[in-house]
Visitor: 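Take a look at the following structure, please.
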Amino acid sequence: LKSMMILALAAVTLRADVVEVDSIAALAAAARGSDGEIRMKPGTYRMADYLTDEVLAEITAAVDRTQPRPPVPMLVLRGDGNRIDLTGVTIEIDNALFARLPKGGYIRCIIVVGKGNHIHGLVLKNTGQNEGSGGNLISIQGDDNKLEDMSLHVSGSFPWGYGDLLGKGGPNLVSLRKQSGIQVIGNRSVLRRCRVVSRAFGHCFYIQGGDGILLEDCHAEGSMRPTDEMLAETEGPAFEQGFRSVYRNRDGRFMIAPGYIKSLSEDGFRTYSNAGQVTLKGCTAVNTRAGFEIGARDDATTKTVLESCTARGCERGFLIGSHTVVRNCEGDMVHGPLLYLRGGLGSDVEIKLVGGKPEGLVHAVATIAGQDHRVRLIDGTDGAVMPALPVMVGYGMPMHAEMASPIEEAEARRIQFHSGLRFAPLLVSGKIEDCEISGEGRRWNDEDLRKDPGPWDLPPNGIAPGTPGKLR
């Protein structure tokens with residue numbers, strides 16, 4: 001290790017208080033210090049050149065085995081208060097390297113452990129075989145770190161090409177190895193103009209801890225695939241499973257259903273229950289599973305905020321839980337519903353529907369459940385011809401939000417709801433209580449639609465009267 005550090009420091013050149021580095025080893029060495037200005041020479045660097053046997057031994061010795069699944073890094077940025085300029089720098093991570101790391105933990109290719117760092121630039125790219133790590137490319141662990149103008153190109157997961165239909169963490173029909181983008185767990189983390197383009201099964205941006213977090217002008221992008229194309233395969237994981245799925249579809253079978261369009265990634269932007277207050281401004285999700293799966297804890301004392309965010313071509317645009325404010329946001333229903341307000345309490349949601357009609361099977365524009373919400377849907381389709389899909393009040397999202405699963409009734413209490421979508425009828429369940437519901441579309445109460453119209457009035461021989469070959 002000492003010889004590696006000497007070589008790394010030899011690659012460091014001081015120039016007017018700026019430390020210039022020209023290798024990943026030199027970057028790691030310089031970033032161990034604090035309150036420095038570090039600049040990496042533009043170019044393409046290979047993580048394989050850094051992960052020598054000596055470095056791997058150091059990584060193995062540092063893994064905290066007291067944790068059930070500890071983080072396992074490739075590169076750790078440990079210092080505090082550093083300004084690190086990585087403009088013009090690309091770091092390539094060959095997916096074959098995952099097999100060389102210690103087993104039994106979550107792989108975090110780069111972990112920012114230190115506090116108060118400002119990291120600018122960097123393109124981070126997976127290369128090589130279609131093999132995921134089960135982890136992510138970057139983890140922001142320390143407090144008060146800022147990342148700007150960073151671009152991630154994520155690839156390599158197994159299986160690939162089916163989204164979550166074969167599993168997403170349990171139960172799984174095949175061995176699952178995800179590959180995700182950026183994880184945030186540090187307090188007061190700031191990400192601006194960061195971009196994650198995913199060609200792997202995993203989240204783009206996901207926030208699993210921390211408070212006072214801001215994501216601004218960030219972009220998440222996945223890719224879509226019709227289920228008809230999956231069902232036409234003659235080899236591969238889905239074919240070998242007889243096209244089974246972990247989800248029960250509308251006819252009661254655990255099978256991939258035809259006619260739908262699935263995202264091959266997970267969510268564009270996702271918050272978990274351990275996260276505190278989060279704000280997303282001007283962020284965009286394209287072709288991801290949920291564009292924004294956002295919600296605070298039921299007992300949260302602050303609001304999570306989405307402002308001026310856009311979901312395009314997602315399997316579901318906005319999946320919203322408790323104590324979330326959604327303002328000046330928009331999305332389409334080209335590949336799935338605009339909104340699932342899945343339950344919870346105390347959210348204030350205002351979303352504009354834009355774009356054209358669905359390209360595959362979609363069963364609803366939105367479903368609304370929970371309590372003490374205020375919801376307004378705005379029509380921004382500019383006269384496009386749209387199908388009469390319903391907005392469903394007093395209904396939850398389908399199980400696991402899988403579109404091929406049935407939509408069931410769910411309690412809705414003290415909800416103020418208005419739909420400005422003239423083409424979309426309002427379907428209201430019998431599980432509403434003290435709700436104010438209004439809209440441009442015609443209203444249907446579910447209990448009226450379930451009333452038996454009475455027996456068929458047919459003649460004894462069962463043949464309706466009329467002249468054969470003519471309509472009456």
Side-chain angles (χ1 to χ4, degrees), residues 168-169 184 203 205-213 215 266-280 283 285 288-307 309 311 314-329 331 336-351 364-377 391-403 405-419 426-437:
K168 58 178 180 179
V184 179
H203 295 304
F205 297 85
Y206 63 116
I207 302 166
Q208 290 186 307
D211 192 25
I213 293 165
L215 276 65
E266 290 192 286
D267 302 327
F269 299 87
R270 171 75 179 269
T271 59
Y272 284 81
S273 59
N274 288 335
Q277 199 281 326
V278 177
T279 299
L280 290 87
C283 294
T288 59
R289 186 177 66 189
F292 299 84
E293 183 167 344
I294 306 296
R297 295 187 304 270
D298 287 353
D299 62 352
T301 57
T302 58
K303 298 287 188 181
T304 289
V305 178
L306 275 70
E307 183 178 331
C309 293
C314 298
E315 196 174 320
R316 52 249 189 199
F318 297 84
L319 201 168
I320 304 299
S322 294
H323 302 301
T324 300
V325 176
V326 182
R327 279 287 175 271
N328 196 34
C329 293
L338 172 69
L339 169 67
Y340 289 137
L341 184 50
R342 63 188 177 197
L345 62 153
S347 288
D348 193 342
V349 178
E350 191 172 281
I351 303 177
V365 179
T367 67
I368 312 296
Q371 63 186 49
D372 300 306
H373 299 307
R374 177 188 173 274
V375 186
R376 183 183 177 209
L377 300 181
V391 174
M392 305 175 71
V393 183
Y395 291 86
M397 69 179 188
M399 186 66 71
H400 306 291
E402 166 56 25
M403 272 200 296
S405 298
I407 298 173
E408 306 288 355
E409 291 184 333
E411 291 185 349
R413 298 177 179 174
R414 300 181 299 279
I415 291 177
Q416 299 179 40
F417 175 78
H418 178 77
S419 171
L426 290 173
L427 183 56
V428 181
S429 84
K431 290 196 172 184
I432 65 167
E433 182 180 330
D434 296 328
C435 293
E436 299 176 16
I437 300 171

Visitor: For the atom pair CG (L319) and CZ (R270), what is the distance rounded to the nearest 0.5 Å?
Guide: 8.5 Å
Visitor: Is the closest basic N to carboxylate O distance between R414 and D372 below 4.0 Å?
Guide: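 Yes, this pair counts.
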Visitor: What's the verdict on side chain to side chain contact (heavy atoms under 4.5 Å, CB included) for V375 and L339, showing C-alpha distance, side-chain angles and the deciding distance?
Guide: CA-CA 10 Å; V375 186; L339 169 67; 4.2 Å; yes
Visitor: In the structure I gave you, are the side-chain heavy atoms of D348 and R327 within less than 4.5 Å of one another anywhere?
Guide: yes
Visitor: Given side chains that start at C-beta, do those of T288 and D267 come closer than 4.5 Å, heavy atoms only?
Guide: no
Visitor: Nearest 0.5 angstrom please: E408 CD to T367 OG1, how far?
Guide: 11.5 Å
Visitor: Could you check if a side-chain atom of L426 sits within less than 4.5 angstrom of a side-chain atom of F417, using non-hydrogen atoms only?
Guide: yes
Visitor: Classify the angle between the aromatic ring planes of F205 and F269 as parallel (below 30°), tilted (30 to 60°) or perpendicular (above 60°).
Guide: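 If you compare the ring of F205 with that of F269, the planes turn out parallel.
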Visitor: Roughly how far apart are H203 NE2 and E266 CD, rounded to 0.5 Å?
Guide: 4.0 Å
Visitor: Under 3.5 Å, is there a donor-acceptor pair between the side chain of R316 and the main chain of A401?
Guide: yes
Visitor: If I compare all heavy atoms of A412 with all of C435, which pair ends up nearest, and what's the gap?
Guide: O-SG, 3.3 Å
Visitor: Flag the pair E293 and R342 as a salt bridge only when some basic side-chain nitrogen lies within less than 4.0 angstrom of an acidic carboxylate oxygen.
Guide: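 Looking at R342 together with E293, the answer is yes, because their closest N to O distance falls below 4.0 Å.
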Visitor: Would you indicate whether the side-chain heavy atoms of Q208 and N274 approach each other to under 4.5 Å?
Guide: no
Visitor: Sub-3.5 Å donor-acceptor pair from the side chain of H373 to the main-chain atoms of I415, do we have one?
Guide: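 Checking the backbone N and O of I415 against the side chain of H373, no donor-acceptor pair under 3.5 Å is found.
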Visitor: Could you go step by step and tell me if H323 and L345 meet the side chain to side chain contact (heavy atoms under 4.5 Å, CB included) rule?
Guide: CA-CA 6 Å; H323 302 301; L345 62 153; 4.1 Å; yes
Visitor: Give the minimum heavy-atom separation between G394 and S429, together with the two atoms involved.
Guide: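 Looking at all heavy atoms of both residues, the shortest contact is O-OG, 2.8 Å.
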Visitor: For A410 and A369, work out which heavy atoms get closest and say how close.
Guide: CB-CB, 3.8 Å
Visitor: May I ask you to test the L215-I207 pair for a side-chain heavy-atom distance under 4.5 Å?
Guide: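 Yes, their side chains come closer than 4.5 Å.
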Visitor: Rounded to the nearest 0.5 Å, what's the gap from CD on E409 to NZ on K431? Could you check?
Guide: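 Spacing of CD (E409) from NZ (K431) equals 6.0 Å.
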Visitor: Going by heavy atoms in the side chains, are R374 and E350 under 4.5 Å from each other?
Guide: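 R374 vs E350: side chains touch.
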Visitor: Does a side-chain heavy-atom distance below 4.5 Å link Q277 with V305?
Guide: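 Side chain of Q277 against side chain of V305, heavy atoms only: contact under 4.5 Å found.
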Visitor: Taking all atoms of both residues into account, what is the closest heavy-atom pair of F292 and C283, and its distance?
Guide: CZ-O, 3.5 Å
Visitor: Would you confirm whether K303, through its side chain, and A296, through its main-chain N or O, come within 3.5 Å as a donor-acceptor pair?
Guide: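 Not confirmed, K303 side chain does not pair with A296 backbone.
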Visitor: Using 0.5 Å steps for rounding, measure from the CD1 atom of I437 to the CD1 atom of I368.
Guide: 9.5 Å
Visitor: Testing the basics here: between F318 and C329, what is the closest heavy-atom pair and its distance to 0.1 Å?
Guide: CZ-CB, 3.9 Å
Visitor: Given side chains that start at C-beta, do those of L306 and V349 come closer than 4.5 Å, heavy atoms only?
Guide: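 They are not in side-chain contact.
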Visitor: Can a donor-acceptor pair be found, under 3.5 Å and without considering hydrogens, that links the side chain of S322 to the backbone of G295?
Guide: no
Visitor: Between atom CD1 of I351 and atom CG of N328, what is the distance when rounded to the nearest 0.5 Å?
Guide: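 If I round to the nearest 0.5 Å, the distance is 11.5 Å.
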Visitor: Inspect the contact between E315 and R289 and indicate whether a charged nitrogen and a carboxylate oxygen are less than 4.0 angstrom apart.
Guide: no
Visitor: Check L341 against S347 and note the closest heavy-atom contact, atom names and distance.
Guide: CD1-CB, 4.5 Å
